[in-house]
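Down below is the structure, laid out as structure tokens.
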Amino acid sequence: MPTYKWYKGTQELTDTLKYNFDKGTLKIMGLVKEDEGEYTCHATNPAADLVVGSTDLVVMITPNLIEMDSDVTIIERSEGRLMCVVSGDPLPDITWEKAEGEKWGDGFTDLAAGIKVTYEEGPTKYSRALILTLNPAQIEHAGTYTCAASNLAGSLHSPANVSISYEAIFKDMPDMVYSWVNNSVNISCDVDANPPATLEWLKGGQPVLNNPLDVTVTGEGHHSEITVKTTNSEDFAAYECRAMNPVGTKSRMVAINEAFAPPVEPTVFWPIVTPTTVSFEITPPTDTGGLPPSGYEVKYHKIEDAYLNEKKTHQFPAAEGVGPYILDGLEPSTAYEMSMSVVNLVGAGVPYEGIKLETHVVREPDSPRFAEKKQDSEHANKYTLTWSPPISNGGKDIEYYEIFYHAIKYADNKTDQYVKEGGEGRSTVDPPQTSFDLRGLKADTEYYVKIFAKNEIGKSQPAEHFFRTQPGQDIDPYVTPKEVKSGGLSTGAIVGIIIAILLIVLIIVDVYCYMTNQCGVLWGICVNLCGKEATSAKVKEVQMEEGRTGEADAKPKPTVTVEEPQDDNVKDPEPDVEPKEEDTVETPAEELEPEDKEEAPEEIKMEEKEPEDKDRATEETPMIQQESDGDGIETPTKESRDEEDHSKPRETQA
């Protein structure tokens, strides 16, 4: 067996703690940069000493952070540096990265942003430093930065926080505010500062103290408010908000100026007059008393009532531009005198006077208005017609809008000459609606529309409109309109309602006939299907004529007798029955014989009638005589009952 020996350069390796020998294998413990070099393996035996092989060992070192600024505070507009020192072999490549995704390496320079990046030598042979210079430091430089280093052996990332200190920055603070006598004005002071600032208010260089009657200071931290009640001229002054922190002190002045009602009259363009309205266009003056106009005030009265010295007042809120501003509620054919003033928070200013006008007589409305005379539809079979109300309704409310439309065909190469094609559609729309969908139209077709406005007096002149439908076919279904009034009923619905009303009337008449004369459809159904017997006097007369009463009955039926005893020989077969308030006599089924209960009517009512009704009943109803039951009792006739006084008690006999 040969013996193996290892050499580094010319020196034989014998340290068994550092090196581990296993036949022809060498293992180096605790590898360091100094272990780098050429290694040779020798094999010897008694016959020879041979070099088996050799190799060069290169030792690489992963990046290692030697020094870094992890938390840095820089004063605004000064110079600040971030340093990252890293070792490694090969020497690592180093970059600075910001959280927002920006990345800078050696040689990067941005003078506008105040950023510069350079390499510097490190403390050892295998180290170097990357310096990030911020000059001048800006508030935007604050944030988290990362030092990133890498080589063939590995990489590292180490973060650092940068904070920028700066003086107070005032937010949205005006230079001037307006107030007036006996008014309170509020001023806010908001700042942003690092470190946080302390706020105080001063007037004339002296701190403002809390005085609930005149001045109130509230707030803390970065926000403070002062409320000043301007009761005299001394309160109209400059107030200072002062903010202090370790970086410095900053102040902002706010002046409280006195405001007045507008000292100059407005410019009023000649109004547009209708029977009940006046429309103005108004331009405010350049001097509005220090405050923007909050509106306009018009005062007016009838010229014939000028001696009363009573004027009506109406205020319009300020709108963009010159208006128009519409005064309504006037009387037709009436002369008025008016004045117009600009209004601000202090009050109404100098008026524009001498506006005299007379409203028009009541008439038909003006024409509706279209934004464009011609337009293309977005659909093939539908078009949404939109218009604006008339400028004047003629002094009467608009009742409805009437729309007529039909297809047209233009003459060759002429857009102002056309002929009508097909039928004409008509629709009506109730105010305040000012749009309507025309459906069931032909695709790729020109259409003509005219629309009228109708009031109590009459129709307006028509407003005309043209449109063209798109080619193709709409996906959604539609219904072709005939005669449609917005919110109205179709012809079929009207016919249905009329038929329903007639049926209800017939049913009411039939029920009346059933209740009064025992006839009609309902009575026939009850008799034929339900087995209910007719009980009217007229029906009983028919029964006698046909022989269905008296001996024709197989069984005796209960008979109700209402009588008044005339002598002592007449006996009451049954006890007296207490008369009811409704003058109704009932025969309970329990009082009948068992064989009679099946045929006994449930209830028989005797109703009192007026004398003429009794006479008529007497003429129509013959006397019905009951067969003797052995006691000689007869059923009184209708004539005998009519002669008796209704105050006497009635009796019921079955």
Side-chain angles (χ1 to χ4, degrees), residues 272-279 324 326-333 359-379 381-408 418 420-442 445-469 476-498 500-501:
I272 299 175
V273 182
T274 73
T276 59
T277 66
V278 178
S279 177
I326 300 175
L327 176 65
D328 55 12
L330 304 179
E331 297 180 10
S333 303
T359 53
H360 297 165
V361 297
V362 177
R363 56 175 175 80
E364 66 277 357
D366 292 342
S367 300
R369 297 167 292 160
F370 289 105
E372 296 181 8
K373 190 170 183 178
K374 188 170 184 179
Q375 195 170 5
D376 289 336
S377 173
E378 297 180 354
H379 305 274
N381 309 115
K382 183 182 76 171
Y383 179 67
T384 300
L385 186 68
T386 303
W387 64 92
S388 298
I391 295 177
S392 171
N393 62 6
K396 293 290 184 179
D397 292 338
I398 302 295
E399 295 178 352
Y400 61 86
Y401 297 99
E402 188 172 25
I403 304 169
F404 295 91
Y405 60 99
H406 57 76
I408 60 174
Y418 55 85
K420 177 180 178 182
E421 283 193 336
E424 183 176 64
R426 174 187 174 274
S427 299
T428 57
V429 177
D430 294 332
Q433 182 177 338
T434 55
S435 66
F436 185 74
D437 284 344
L438 304 178
R439 295 179 175 269
L441 306 179
K442 296 180 181 179
T445 304
E446 297 281 351
Y447 277 87
Y448 167 77
V449 180
K450 60 181 178 180
I451 180 172
F452 300 85
K454 172 70 169 60
N455 67 5
E456 182 180 320
I457 305 303
K459 288 185 181 180
S460 69
Q461 292 297 314
E464 296 181 329
H465 185 68
F466 298 85
F467 67 90
R468 185 180 184 87
T469 55
D476 57 330
Y478 60 88
V479 178
T480 303
K482 300 297 182 184
E483 298 250 346
V484 181
K485 182 171 182 179
S486 177
L489 298 173
S490 65
T491 303
I494 295 174
V495 172
I497 292 175
I498 293 175
I501 293 174

Fill in: Among Ile451, Ile403, Thr384, Thr428, side-chain contact (heavy atoms from CB on, under 4.5 Å) partner for Phe436
Ile403

Looking only at heavy atoms, what is the nearest atom pair of [X] and [Y], with distance?
X	Y	answer
Trp387	Gln433	CZ2-O, 3.8 Å
Gln375	Tyr383	OE1-OH, 3.6 Å
Pro275	Ser392	CD-OG, 3.8 Å
Pro368	Ala463	O-CB, 3.2 Å
Phe370	Glu464	CD1-O, 3.6 Å
Lys382	Leu441	C-CD1, 4.0 Å

Between atom [atom1] of [X] and atom [atom2] of [Y], what is the distance when rounded to the nearest 0.5 Å?
X	Y	atom1	atom2	value
Lys396	Ile457	NZ	CD1	6.5 Å
Glu456	Lys454	CD	NZ	8.0 Å
Arg369	Ile391	CZ	CD1	4.5 Å
His406	Lys450	NE2	NZ	7.0 Å
Leu330	Thr274	CG	OG1	7.5 Å
Ser460	Tyr401	OG	OH	9.0 Å

Report yes if some heavy atom in the side chain of [X] is under 4.5 Å from a heavy atom in the side chain of [Y]; otherwise report no.
X	Y	value
Ile398	Pro389	no
Asn393	Thr276	yes
Pro332	Val361	no
Tyr447	Leu385	no
Thr434	Ser388	no
Ile272	Pro324	no

Worksheet item: Is it the case that more than 12 heavy atoms not belonging to Lys420 sit under 6.0 Å from its NZ atom?
Response: yes

Worksheet item: Within a radius of less than 6.0 Å around CD of Glu421, do more than 12 heavy atoms belonging to other residues, nucleotides or ligands occur?
Response: yes

Discussion item. One thing to verify: whether Glu446 and Arg468 come together as a salt bridge, which I'm taking to mean a side-chain N less than 4.0 angstrom from a carboxylate O.
Written reply: yes

Practice prompt. Step through it carefully: locate the ring centre of Tyr418, locate the ring centre of Phe466, and say whether they are under 6.0 Å apart.
Written response: yes

Worksheet item: Would a distance-only check, ignoring hydrogens and angles, find a side-chain to backbone donor-acceptor pair under 3.5 Å from Thr359 to Glu331?
Response: yes

